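Because only heavy atoms are used, hydrogens play no part in the values below, and waters and symmetry mates are left out as well, while side chains stay in. Being a predicted model, the structure only gives us computed values, none of them experimental.
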Amino acid sequence: MTWWYVRLKIMLSRLINGKNKTKGAMEMKRIIGGLLVVAACSSAMADDNWVVTGASEERGTEFSIKKESGLITKNKAGDDIFVVVGRVTYKKTTKIDLEKWYVKYSDCINKQGQLVTLSLGGDYLYENDFVFNAGSIASANAEFICAAYEYALTEMNKKGI
């Protein structure tokens, strides 16, 4: 049994036995969505510090997100965003590009928008449109980032008084 399956069983058990069934159902959808993203990627770990989020056989590229690199912040326009460190590995040449990727919170809520790519220094490079479940690399990366964003917000909200 994998770690995510055990974690899912524990969470589902807590939700099913909880007092508020409606809230539990909504929370269950979020948890299952996040865990499915993690589960889909967990078998494709590049190493212990990176999670593979997608690959293009045609271009010979692999896309990964650095674990624990997520940061809730604002872009220059003042929008709430979640930023991660991303890696693009080119299999044929073994070249590796390191970048920052972010998604606006409003785009996560709408399940569509732009995945913005920055240099590690924070300079704008380009953006890709995404729609959840579209099957593109940008969509897979954005879904993963949004799931991590939701998790970070949930954890942050637990820390108040």
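Phe82 contributes atom CZ, which lies 8.5 Å from atom CD1 of Ile145 (distance to the nearest 0.5 angstrom). A distance of 3.5 Å separates CG in Asn141 from OG1 in Thr53, rounded to the nearest 0.5 Å. Atoms CG and OH, from Asp79 and Tyr105 in turn, are 13.5 Å apart once rounded to the nearest 0.5 Å. Distance check, rounded to the nearest 0.5 Å: OG of Ser136 to CD of Glu143 gives 8.5 Å.
Every pair passing disulfide bond (SG atoms under 2.5 Å apart) that includes a residue from residues 69-156 is listed here, sequence neighbours excluded: Cys108-Cys146. For residues 54-87, the set of pairs meeting the disulfide bond (SG atoms under 2.5 Å apart) definition, not counting sequence neighbours, is empty. A side-chain hydrogen bond (donor to acceptor under 3.5 Å, both in side chains) check over residues 113-123, counting only residues at least two apart or in different chains, returns the pairs Gln114-Asp129.
For Lys95, the side-chain contact (heavy atoms from CB on, under 4.5 Å) criterion is met by Tyr90, Thr93, Asp97, not counting sequence neighbours. Residues satisfying the side chain to side chain donor-acceptor pair (under 3.5 Å) criterion with Lys74, sequence neighbours excluded, are Asp80. Annotation: side chain to side chain donor-acceptor pair (under 3.5 Å) contacts of Thr61 (sequence neighbours excluded): none. Partners of Ile96 by side-chain contact (heavy atoms from CB on, under 4.5 Å), not counting sequence neighbours, listed by chain and number: Arg87, Thr89, Leu98. Residues meeting the side-chain contact (heavy atoms from CB on, under 4.5 Å) test with Lys66, sequence neighbours left out: Asn49, Trp50, Ser69, Val85. Glu68 pairs by the salt bridge (charged side-chain N to carboxylate O under 4.0 Å, His left out) definition with nothing, not counting sequence neighbours. Under the side-chain contact (heavy atoms from CB on, under 4.5 Å) criterion, Glu155 pairs with Tyr151, Lys158, not counting sequence neighbours.
The other residues sharing a hydrophobic cluster with Tyr102 are Ile81, Val83, Val116, Leu118, Tyr124, where clustering joins ILVMFWY side chains under 4.5 Å apart. Residue Leu71 is found outside any hydrophobic cluster, as its side-chain heavy atoms come under 4.5 Å of no other Ile, Leu, Val, Met, Phe, Trp or Tyr.
The side-chain contact (heavy atoms from CB on, under 4.5 Å) test with Phe63 is passed by exactly one of Val88, Val52, Val51: Val88.
Without hydrogens or angle criteria, Ser139 side chain to Phe130 main chain gives no donor-acceptor distance under 3.5 Å. Side-chain atoms of Asn110 come within 3.5 Å of backbone N or O of Ser106 as a donor-acceptor pair.
Two different hydrophobic clusters hold Tyr149 and Val131 under the rule that ILVMFWY side chains link at heavy-atom gaps under 4.5 Å. Under the 4.5 Å side-chain contact rule for hydrophobic residues, Val103 and Met156 share a cluster.
Closest heavy-atom contact between Tyr126 and Glu99: OH-OE2, 3.5 Å. Across all non-hydrogen atoms, the minimal contact from Ile137 to Ser56 is CD1-N, 4.4 Å.
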side-chain contact (heavy atoms from CB on, under 4.5 Å) between Ile65 and Phe144, intermediate numbers included: CA-CA 9 Å; Ile65 293 176; Phe144 194 94; 3.6 Å; yes
